[in-house]
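Worksheet for the structure shown next.
Side chains are part of it too, since the values below use all heavy atoms of this structure and drop only hydrogens, waters and symmetry mates. First the proteins, then the strands, lettered A, B, ... as listed; each starts at 1. Small disclaimer: the values here were computed from a predicted structure and weren't measured.
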Number of protein chains: 2
Amino acid sequence: MSQFLWPTPIQNVKNLNKHAVLDLIRFTPGGISRAELAQRMDLSRAAMTAIVNDLLESAIVRETESHSKQSGRPPIILEINPARGHVIGIDMGVTHLTIALSNFAAQVLDEIEIPFDITQGPEPCLAQAEALLTELLEKNDLNIEKIMSLGIGVPGPIVSEEGMVIAPPVMPGWDGYPIRKQIQAYWSIPVSLNNDAELGALGEWAYGAGRGESHLAYIKVGSGVGAGLLLNGQIYQGSTGSAGEIGHLTVDENGPACDCGNTGCLEAVAGGKAIARQGREAIQKGQRTLLSSMGPIEELTARDVAVAARRGDLVSQQIITRAGSYLGIAIAGLVNLFNPRMVVVGGGVSQAGDLLLQPIRDTIQRRSLPGAAKTVKINTAILRRRSSSMGAVVQALSNALHQFAEKKGGESLL
Amino acid sequence: MSQFLWPTPIQNVKNLNKHAVLDLIRFTPGGISRAELAQRMDLSRAAMTAIVNDLLESAIVRETESHSKQSGRPPIILEINPARGHVIGIDMGVTHLTIALSNFAAQVLDEIEIPFDITQGPEPCLAQAEALLTELLEKNDLNIEKIMSLGIGVPGPIVSEEGMVIAPPVMPGWDGYPIRKQIQAYWSIPVSLNNDAELGALGEWAYGAGRGESHLAYIKVGSGVGAGLLLNGQIYQGSTGSAGEIGHLTVDENGPACDCGNTGCLEAVAGGKAIARQGREAIQKGQRTLLSSMGPIEELTARDVAVAARRGDLVSQQIITRAGSYLGIAIAGLVNLFNPRMVVVGGGVSQAGDLLLQPIRDTIQRRSLPGAAKTVKINTAILRRRSSSMGAVVQALSNALHQFAEKKGGESLL
DNA sequence: AAAGAATGTTAAAACTCTTGACAAATACTA
DNA sequence: TAGTATTTGTCAAGAGTTTTAACATTCTTT
């Protein structure tokens, strides 16, 4: 069946097919012909001609040559017109800020990343983002008028209608701050705000490890731990935008205290902060480990532990494996409840690779019902630390493309 | 926005509005006028006239008088035509079998329930169901040709396309047995097979405690524990039909063994079987409890414990409270991941009422993120032990009604 | 070169929905 | 009590989308 995944409020059911065709073109690698579109959407070729002509007229879509291998007239392949415009994707993490510039074909043209501290609160953080975006635009000889849409991800539960976060455990000072409104006021372009794990899921679904999966979960193991849930390419936010908050599942009754006020949360034993802390503790205890030689102890990061583990450091491996087991407990619960076809593990800690994944897989096999556990695939993110920024690009593109698709004829901007 | 919730494979997008109108009429208590339908669906009154005329012609819908309170022409109220036909809903539990006969307006005309043992395997169980259904039909002077559709719920993970259960922990011998095909072959009517907790959710959503909630979870605390998840009135089954398997979340590392092979599953500490066992153990330990006077110890059920607890028996109350705490742990996880607006607790054990619910609520408040925990409502099932059979009726009606709505003109069956 | 096959286009007809007008049936008001 | 306002439901014309059926296009195969 066709998928419906444009984020703009489902306006007219009229252009429904037009939007569905657009998405099918977007997410078919290598493009797709009118005939195949018609087949996939259960429409006549004649109808498809009309729809595609609309899209061609607005210059969202373009034709490319193709070399046929079968007998019969070779199809004309359709693809998104990359030059139709640009969009921006922003990944605002706890400790880093990434901004990506992309064309309409979701090709990232440039990208800047800087260290960052989200706990500074909204004003200074958004000012930093503004400066960085300005820099990126200047570097690429673009001004903001050429940017059609902006997507941004932040590490907290989102209220989409309001464009703000609600009671975010790791974003002190942001609760209720009108993030989208603020950005939109400054740049005067459409802005969509999402949770970073949700965007990670979207990114991996569109162009990563979970391409086209109907039921996908993305687990972001960064400073904290969050999950993004995707159903048929659509972000599942739950009733108040708090869906997928896997980081605060209790996985160890007697575990350490968590920032959220509870004890034994997944995040408190397997998040990046927790892993770094365990690394420092190991050094302080005087254990033999590579970690002692990786710079000043107070600057030790989870990524250092992951890297050391890959290099064969036993202490680090133990820490990562333990974290994997805890992640497995929580993900096993997610598998039992949500029953995804694929779980993509991303975020900085996932650099540890199979060292982290194997205990996750083992725990899931042991703890989830066979029906769900047998079919679920557990993989690392292909887009690496770009999952979320790519998801932000995808989201921004959805806005831009479907906005253009609404208009009749393409008043030839550009 | 309008909801799309007919279960038949989304055929043509053509009659989309017709089906949506039908559902709006079905689930609006007291009926609805053309004008209000048009408003709610964002269509013109003229278009609505045409759609409704179609439905009237097929006699699925009928007009009723109404007394207007406002100025202006009084609206003509539309409602489902109860006499258009009948459907059957079957709830096949672990220890009981319930069959309900309903008219097209979802009014249950008759109902039979017998004790039952699902572990006998498919053939004897289905034979019993056939016999019971025959009895019900004879009692009501109907033969099977007058039944337009049949819905059935069983306590296991469902593969919908195949109409069978897959690796069910509590249905030995049923794995892979073609349940739907078998029933369909015997009675020659459309059959839909679902998980009993899913149907419980559907029943409570349509006519119970969760009426119209967009994000609903139903927790069935019967012999085992299962959850049914509903999104906009549609059952969420996950990628392989195993979604909502909350019973096998690990809630106590050091807990007792579960039938599924794991240890510390929710079901093993808070399911009906577990509660009954704890009751028996209390008697055997010689604790002062009402339970000792409730008949032979080996026949003690979870419902007995629930009843004793309501009567003030401290030992029973302790057992129920403990079970509630464990349920709370698992439901807190579900709230964090799924973020429903309402959780309906049903099944035999839920008869204990607030005694069970209060510890659940407390645990959720403590363990879930505030954003999700504050908004979620925790209630008991209004339909009591009829939740699932009612859900089966709803499902059967969806099949029957939308099938009739497909046809042009109503070749006046009956 | 002719046949076969798949793609894409065109024009007419069918279908759905909107617009604007109007009839119907009530409450309110003078 | 008659007139006005108000809301509901219907009708006819027109716009927009999709299907049907025919045809043109462009390749491979024979």
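- Applying the 4.0 Å criterion to OP1 and OP2 of C/dT16, one finds that B/N17 has every side-chain N and O outside that range.
- Listed by chain and number, the residues in a side-chain contact (heavy atoms from CB on, under 4.5 Å) with A/Q70 amount to none (sequence neighbours excluded).
- Rounded to an integer number of Å, the gap from A/M48 CE to D/dT17 C1' is 12 Å.
- Taking the six-membered ring for Trp and the full ring otherwise, A/F338 and A/Y236 have centroids separated by 6.0 Å or more.
- Look at CD1 on A/I77: it is 13 Å from C1' on C/dA6, rounded to the nearest Å.
- With rounding to whole Å, A/L16 atom CG is found 18 Å from D/dG16 atom P.
- Annotation: side-chain hydrogen bond (donor to acceptor under 3.5 Å, both in side chains) contacts of B/T28 (sequence neighbours excluded): none.
- As a whole-Å value, the separation of B/I51 CD1 from D/dG9 C1' is 14 Å.
- Summarising the geometry, the separation between CG on B/L56 and P on D/dG9 is reported as 11 Å, rounded to the nearest angstrom.
- Checking D/dA12, D/dA21, C/dG8 against the side-chain heavy atoms of A/A46 singles out D/dA21 as nearest.
- Listed pair A/R45 / C/dT10 fails the phosphate criterion, with no side-chain N or O lying under 4.0 Å from OP1 or OP2.
- The side chain of A/R34 approaches C/dG8 more closely than any other nucleotide in the set C/dC17, C/dG8, D/dT19.
- In plain terms, the two heavy atoms of B/A396 and B/S149 that are nearest each other are O-OG, 3.2 Å.
- Taking both residues in full, the closest heavy atoms of B/M390 and B/A106 are given as CE-O, 3.3 Å, listed atom of the first, atom of the second, then distance.
- In this entry the distance linking CD1 of B/I76 with P of C/dA23 reads 18 Å, nearest Å.
- Look at CG on B/N53: it is 13 Å from P on D/dA12, rounded to the nearest Å.
- The two residues B/M342 and B/G210 make their nearest non-hydrogen contact at SD-CA, 3.5 Å.
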Enumerate the protein-to-nucleotides 27-30 of chain D contacts in which both atoms are nitrogen or oxygen and the separation is below 3.5 Å.
from	atom 1	to	atom 2	distance (Å)
D/dC27	O2	A/G72	N	3.2

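- A/A35 comes within 4.0 angstrom of sugar-phosphate atoms only, judged by non-hydrogen atoms across all strands, and of no base.
- A/R26 and A/E79 are not joined by a salt bridge, as no carboxylate oxygen comes within less than 4.0 angstrom of a charged side-chain nitrogen.
- The distance between atom CG of A/L43 and atom C1' of C/dT16, rounded to the nearest whole Å, is 15 Å.
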